[in-house]
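Heads up: numbering here begins at 1 and tracks the sequence.
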Amino acid sequence: MRLCSLLLLCLAAYLSSSYVISPPHMWTKLILTHHWPSTFCGMEHPVCHPNISYWTLHGLWPDKGIDCNSSWHFNSSDIEDLLPDMKKSWPDLLSPMKYEWHKHGTCAAKAESLNSQHKYFSKALELYHKLDLDSILTKFDIIPSENYYKLSQIEGVIENFYSVKPKIQCVHPSKNAGFQILGQIEICFNSDFTLLDCEKHLTTPKGHLDNHIAFDKTSGFSVCDQDVPVYYPTPS
């Protein structure tokens, strides 16, 4: 009986220390998501800017957790200085900022580097500008066109320049359409904001593989098919 009690105490201590090291919803990967406005607007989203001719920021999503702290209310005055940049770089977020903060920001805030509204939104903007995805695609002649691309062409440019593998998502109009529409590109970061392959599984502090994936999937987007031509639509 005494031995059993001792074992239970040891187990409780282990679980307690594991909780401290790896608390619930502690993420291991950040997903910086860009979308192409023409494709996004073609999916009939209520807040939309189809005439924008550059890739816009869609979100900065930790790979774990959702609505992690409902008591942490959004306050727009905390990010007032960021609004001019957000209007240009993150235009579809101007209305649902509160939603983005509650759903993703409060989970990202588990890390000290993102533990305020200003840190979260400013870091997303910083990473977006640092990557400058739109300029890189243009530089290597991946531009909106009536012609079709191979998915490997788009992937190749991103992988060769950033040295990491992105996740590229498309809209598939129908099984018989014969093409897919480029819509969303995810580029991923470690917790220290270094670039990371989006499909890479990380080891958690407890030694387990992290198999979580991005959970905020825009309705209609799915991973592009390698064998189907990609249409990169011109702005409306």
Rounded distance (nearest 0.5 Å) linking atom SG of C107 with atom CG of D63
10.5 Å
Counting heavy atoms not belonging to E112, are there more than 12 under 6.0 Å from its CD?
no
Quick one: does L133's side chain get under 4.5 Å of L32's, heavy atoms only?
no
About how many Å separate CD of Q184 and NE2 of H34, when rounded to the nearest 0.5 Å?
10.5 Å
Closest non-hydrogen atoms of K29 and D197, given as atom of the first, atom of the second and distance, are NZ-O, 4.5 Å
Closest approach of P233 and T39, non-hydrogen atoms and distance?
CG-OG1, 3.4 Å
Pair F189-L195, side chain to side chain contact (heavy atoms under 4.5 Å, CB included): steps then yes or no:
CA-CA 4 Å; F189 293 84; L195 286 164; 3.6 Å; yes
Between D81 and H118, is any pair of side-chain heavy atoms under 4.5 Å apart?
yes
Between H102 and F74, is the ring centre distance below 6.0 Å?
no
CD of Q180 to SG of C224, rounded to nearest 0.5 Å, is 4.5 Å
Among residues two or more places apart or on two chains, list those pairs meeting salt bridge (charged side-chain N to carboxylate O under 4.0 Å, His left out) that have a residue in residues 122-144.
K123-E126
Going by heavy atoms in the side chains, are I79 and W101 under 4.5 Å from each other?
no
Grouping I, L, V, M, F, W and Y whenever their side-chain heavy atoms are under 4.5 Å apart, do F193 and L60 come out in a common cluster?
yes
Heavy-atom distance under 4.5 Å between the side chains of I31 and K167, does that happen here?
no
Output for pair (I66 CD1, C68 SG), nearest 0.5 Å, gives 8.5 Å
Do L151 and I143 share a hydrophobic cluster, counting only Ile, Leu, Val, Met, Phe, Trp and Tyr and linking them when any side-chain heavy atoms are less than 4.5 Å apart?
yes
Listed partners of N115 passing side-chain hydrogen bond (donor to acceptor under 3.5 Å, both in side chains), at least two apart
K119
Here the gap from W61 atom CH2 to E100 atom CD, rounded to the nearest 0.5 Å, amounts to 7.0 Å
Side chain to side chain contact (heavy atoms under 4.5 Å, CB included) evaluation trace for E146 with T234
CA-CA 8 Å; E146 293 302 317; T234 56; 4.3 Å; yes
Ring centres under 6.0 Å, that's the criterion: do Y128 and W90 meet it?
no
Candidate pair L30 and L114, rule side chain to side chain contact (heavy atoms under 4.5 Å, CB included), full reasoning:
CA-CA 11 Å; L30 283 172; L114 299 172; 3.9 Å; yes
Heavy-atom closest pair, residues L125 and S89
CD2-CB, 3.9 Å
Under 4.5 Å between side-chain heavy atoms, counting indirect links through other Ile/Leu/Val/Met/Phe/Trp/Tyr residues: same cluster for L182 and I52 or not?
yes
Taking the side chain as every heavy atom from C-beta outward, state whether I181 and C170 have any pair of such atoms under 4.5 Å apart.
no
Can K88 and Y54 be said to form a side chain to side chain contact (heavy atoms under 4.5 Å, CB included), step by step?
CA-CA 10 Å; K88 182 178 188 299; Y54 53 88; 3.4 Å; yes
Tell me, please, which residues at least two apart from Y232 pass side-chain hydrogen bond (donor to acceptor under 3.5 Å, both in side chains).
W55
Between H35 and F221, is the gap from one ring center to the other below 6.0 Å?
no
Below 4.5 Å, heavy atoms only, C-beta onward: do I185 and W36 meet side chain to side chain?
no
Side-chain heavy atoms nearer than 4.5 Å, only ILVMFWY residues, links allowed to pass through others: does that put F179 and M43 together?
yes
When you compare the side chain of M86 with that of M97, does any pair of heavy atoms fall below 4.5 Å?
yes
Applied to residues 225-236, the salt bridge (charged side-chain N to carboxylate O under 4.0 Å, His left out) test, sequence neighbours excluded, yields none
Is there a continuous path of hydrophobic side-chain contacts, each under 4.5 Å between heavy atoms, that joins V228 to V171?
no
Check: D192/T194 side-chain N/O donor and acceptor closer than 3.5 Å:
yes
Validation row: I136, I158 side chains within 4.5 angstrom (heavy atoms)
no
Contacts table for residues 159-166: side-chain donor-acceptor under 3.5 angstrom, sequence neighbours left out:
residue, atom, partner, partner atom, Å
N160, ND2, G156, O, 3.0
Y162, OH, L131, O, 2.5

For T33 and E186, which heavy atoms make the closest approach, and how far apart are they?
OG1-CG, 3.8 Å
Show every side-chain hydrogen bond (donor to acceptor under 3.5 Å, both in side chains) that has at least one partner inside residues 70-79, sequence neighbours left out.
N69-S71, N75-S77, D78-Q117
